[in-house]
Amino acid sequence: MSFALRSTARLASSVRPALRVMQSRGYADEMAFTLAAANKVFYDSANIRQVDVPSFSGAFGILPKHVPTLAVLKPGVVTVYEQDGAVKKVFVSSGTITVNEDSSVQVLAEEAHPVEDLDAGACRELLSGAQNKLSSASTDVERAEAGIAVEVAEALVKAAE
């Protein structure tokens with residue numbers, strides 16, 4: 001048996017167990033999506049096509065059959081692509097993203113608001129106030145809190161514009 005043939009046979013035998021695992025995990029062509037925050041539940045196990053999320057490890061898109069993942073949300077916009085073609089955008093301040101083995105996805109945010117409800121002027125005022133607090137902070141704790149407020153306000157301004 002040639003080297004290429006032996007290598008192909010070894011590769012095929014190593015792929016079969018992985019395929020069985022994927023099939024046994026119930027990977028589906030649908031994706032049950034939940035987006036919830038303390039102030040509102042936006043989606044509750046809704047069947048969607050795709051969701052794009054901002055995370056501290058980088059923004060990424062999630063489709064059905066996505067590898068199971070756990071990530072931390074950073075301030076930014078979650079974009080939801082619904083089955084009927086509609087696209088909804090929701091600003092999130094922070095939280096978690098969980099992609100489960102069954103292709104279900106949960107985005108749990110500390111705070112979330114539809115992008116169309118954001119007032120760009122109010123967001124800029126919030127940013128200005130947060131920057132003032134940061135510049136006048138005198139302790140490490142005050143600087144850390146103000147830095148977080150600036151980061152969230154900057155993301156709000158970007159989302160609103």
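Throughout, residue positions are numbered sequentially from 1 according to the sequence presented. This is a predicted model, so every value here is computed, not measured.
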**Q** Are side-chain heavy atoms of P54 and V78 found at a separation under 4.5 Å?
**A** yes
**Q** Sorted by first residue and then second, give each side-chain hydrogen bond (donor to acceptor under 3.5 Å, both in side chains) pair with at least one member in residues 87-98; sequence neighbours left out.
**A** none
**Q** Please list, chain by chain and in numerical order, all residues satisfying side-chain hydrogen bond (donor to acceptor under 3.5 Å, both in side chains) with E161, sequence neighbours excluded.
**A** R124
**Q** Which distance, rounded to the nearest 0.5 Å, do you find between the NZ of K65 and the OG of S103?
**A** 8.0 Å
**Q** Where is the tightest heavy-atom contact between A112 and V92, given as atom of each residue plus distance?
**A** CB-CG1, 4.0 Å
**Q** Give every residue pair that meets the salt bridge (charged side-chain N to carboxylate O under 4.0 Å, His left out) criterion with at least one member in residues 40-53, sequence neighbours excluded.
**A** none
**Q** Could you tell me which residues satisfy side-chain hydrogen bond (donor to acceptor under 3.5 Å, both in side chains) with E154, sequence neighbours excluded, listed by chain and number?
**A** none
**Q** Run the side-chain hydrogen bond (donor to acceptor under 3.5 Å, both in side chains) test against S55 and tell me which residues pass, sequence neighbours left out.
**A** S57
**Q** Could you give the distance from CG (N132) to CG (L127), rounded to the nearest 0.5 Å?
**A** 9.5 Å
**Q** Any idea which heavy atoms bring A159 and V115 closest together, and the distance?
**A** O-CG1, 3.4 Å
**Q** Check whether any side-chain heavy atom of V53 sits under 4.5 Å from a side-chain heavy atom of I62, and report yes or no.
**A** yes
**Q** Distance from Y43 atom OH to E82 atom CD, nearest 0.5 Å?
**A** 3.5 Å
**Q** Spell out, as yes or no, whether a donor-acceptor pair under 3.5 Å connects the side chain of D84 to the backbone of A86.
**A** yes
**Q** Mind jotting down which residue pairs meet the side-chain hydrogen bond (donor to acceptor under 3.5 Å, both in side chains) criterion with at least one end in residues 138-152? Sequence neighbours excluded, please.
**A** S138-E142, D140-R143
**Q** Can you see which heavy atom on F91 is nearest to which on V152, and at what distance?
**A** CZ-O, 3.9 Å
**Q** Taking F42 as the starting point, is it possible to reach V107 by hopping between hydrophobic residues whose side chains are less than 4.5 Å apart?
**A** yes
**Q** Quick check for you: to the nearest 0.5 Å, what is the distance between F60 atom CZ and T69 atom OG1?
**A** 5.5 Å
**Q** What closest approach, in Å, do A160 and L118 show between heavy atoms, and which atom pair accounts for it?
**A** CB-CB, 3.9 Å
**Q** Measure across T34 and S45 and return the closest heavy-atom pair with its distance rounded to 0.1 Å.
**A** OG1-N, 3.1 Å
**Q** Looking only at heavy atoms, what is the nearest atom pair of L108 and L73, with distance?
**A** O-CD1, 4.0 Å
**Q** Is there a side-chain contact between H113 and N39, using heavy atoms and a 4.5 Å cut-off?
**A** yes
